[in-house]
Amino acid sequence: MTHFRDVPGDTKVYLNGEFVDWKDATVHVMTHALHYGSSVFEGIRCYKTPKGPAIFRLKEHADRLYNSAKMYRMVPAEMTVQQMMDAMIETVRINKFEECYIRPIVYRGTGMFGVNPLNNSIEIAICCWIWGSYLGESALDEGVKVHVSSWNRLAPNVMPALAKCGANYANGQLIKMEAVLNGYSEGIALDTNGFVSEGSGENIFLVFGDRLLTPPLGNSVLPGITRDSVIALARDCGYEVTEGIVPREMLYIADEVFFTGTAAEVTPIAFIDKIQIGAGKCGPVTKRLQEEFFAIIDGKKEDKYGWLTFI
Ligand code: PPE
């Protein structure tokens with residue numbers, strides 16, 4: 001996992017319409033977002049392709065950022081989705097990255113103290129860095145060992161799960177810390193009704209024969225863009241994909257289970273609560289979907305969906 005110190009210090013950061021040096025991209029300790037989690041953000045990958053660096057599903061990520069900001073009444077003034085996209089492209093370009101992870105964040109800055117965010121400034125920043133495998137080097141082949149978390153995902157009337165809000169990740173951190181401190185790579189959280197929701201930073205799929213099942217958006221999941229991509233690829237491969245409620249115990253008896261996410265990509269799950277899933281390694285359906293996913297990025301398959309934006 002990339003630590004802060006691994007980020008190249010000479011990187012330029014986009015901050016409210018200008019590029020500043022990495023060391024100057026700082027905030028005041030009274031920044032509203034620091035106290036109250038009032039930020040919305042995205043995680044996007046730019047891949048090295050035979051035709052040069054390409055951002056994966058830039059438009060969908062920019063749309064989700066815009067929508068998250070809209071839900072929290074914090075769309076930056078006169079900032080269109082197109083301008084957000086242009087700023088992200090420019091941040092990759094100016095830093096001359098061949099591949100990187102892109103992290104745009106919109107947050108409440110300073111102005112007033114107290115919970116009420118409405119009188120605080122709205123800031124936007126974009127950072128890029130190189131982020132390798134999310135759940136460990138061997139994760140994509142061997143699969144990861146996870147458990148079902150004792151923490152639930154956000155109840156639907158507590159915070160909007162469809163928003164990628166900084167505050168949601170207080171819940172994510174509890175899930176992740178509990179998992180890691182117990183020797184697991186990740187935690188699968190249930191929703192407040194006890195049905196499978198998602199990981200702290202990934203959506204989840206179950207495979208039964210040639211059928212895929214993933215929790216619907218109503219089960220407190222982030223509308224994952226990798227999730228959406230995998231659904232499209234799976235249907236194209238002839239698999240049947242259902243978005244349906246997943247009782248916890250279905251996890252243990254599935255032929256295969258895998259995570260999807262920008263950082264995690266398509267990561268197989270080998271064990272859940274120490275119960276072996278399928279063969280206990282990357283299964284054939286997960287493998288096929290990984291191959292389909294990377295074939296588009298590697299230029300081995302035509303990008304018929306128009307998912308790549310070349311820098
Ligand atoms: N659920 C959650 C809670 C989540 O954070 C992510 C992405 C997903 C599902 C998958 O969504 P998508 O990336 O659109 O396929 N998590 C991001 C942040 C991870 C982090 O540690 O930070 C990511 O993968 O970039």
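Every number for a ligand or one of its atoms is a count from 1 in the order of the listing. Each residue takes its place number in the sequence, starting with 1.
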Ligand 1 contacted by Arg64 (non-hydrogen, < 4.0 Å): yes
To check your reading of the model: name the closest protein heavy atom to [atom], its residue, and the distance in Å.
atom: atom 5 (O) of ligand 1; answer: Tyr169 OH, 2.5 Å
atom: atom 13 (O) of ligand 1; answer: Thr262 OG1, 2.5 Å
atom: atom 1 (N) of ligand 1; answer: Glu198 OE1, 2.7 Å
atom: atom 10 (C) of ligand 1; answer: Asn203 OD1, 3.5 Å
atom: atom 20 (C) of ligand 1; answer: Tyr134 OH, 3.3 Å
atom: atom 15 (O) of ligand 1; answer: Thr226 OG1, 2.5 Å

Backbone N/O of Ser150 and side chain of Glu178: donor-acceptor pair under 3.5 Å: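 Such a contact is found between Glu178 side chain and Ser150 backbone.
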Check: Glu256 side chain, Thr286 main-chain N or O, donor-acceptor pair, under 3.5 Å: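 Between the backbone of Thr286 and the side chain of Glu256 there is a qualifying donor-acceptor contact (under 3.5 Å).
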Ion pair check, [X] and [Y], cut-off under 4.0 Å:
X: Arg93; Y: Glu90; answer: yes
X: Arg227; Y: Glu243; answer: yes
X: Asp273; Y: Arg248; answer: yes

Heavy-atom nearest option to atom 17 (C) of ligand 1, drawn from Glu265, Glu202, Lys164, His61: Lys164
From Ala161, Ala263, Gly201, Gly261 - option closest to atom 7 (C) of ligand 1 by heavy atom: Gly201
Option among Ile55, Ile296, Ile297 that satisfies the side chain to side chain contact (heavy atoms under 4.5 Å, CB included) test with Tyr47: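 The residue from Ile55, Ile296, Ile297 that satisfies side chain to side chain contact (heavy atoms under 4.5 Å, CB included) with Tyr47 turns out to be Ile297.
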With Tyr239, the side chain to side chain contact (heavy atoms under 4.5 Å, CB included) member among Val207, Leu212, Leu233: Leu212
Phe41, any N or O under 3.5 Å of ligand 1 N or O: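 Phe41 vs ligand 1: no N/O contact under 3.5 Å.
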By number and element, which atoms of ligand 1 are closer than 4.0 Å to a non-hydrogen atom of [X]?
X: Tyr101; value: 17 (C), 18 (C), 23 (C), 25 (O)
X: Gly224; value: 11 (O), 12 (P), 14 (O), 15 (O)
X: Arg103; value: 18 (C), 22 (O)
X: Arg153; value: 3 (C)
X: Trp131; value: 20 (C), 21 (O), 22 (O)
X: Ser200; value: 3 (C), 5 (O)

Side chains of Glu186 and Ser200, donor plus acceptor under 3.5 Å: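 Side chains of Glu186 and Ser200: pair found under 3.5 Å.
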Distance under 6.0 Å and angle within 45° of ring axis: Lys59 vs Tyr305: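 That pair does not qualify as a cation-pi contact.
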Pair Val266-Val230, side chain to side chain contact (heavy atoms under 4.5 Å, CB included): steps then yes or no: CA-CA 8 Å; Val266 179; Val230 162; 4.0 Å; yes
Region of Pro223 that comes within reach of ligand 1 [heavy atoms, distance under 4.0 Å]: neither
Shared hydrophobic cluster, Phe41 / Leu34 (ILVMFWY, side-chain heavy atoms < 4.5 Å):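 No, Phe41 and Leu34 fall in different hydrophobic clusters.
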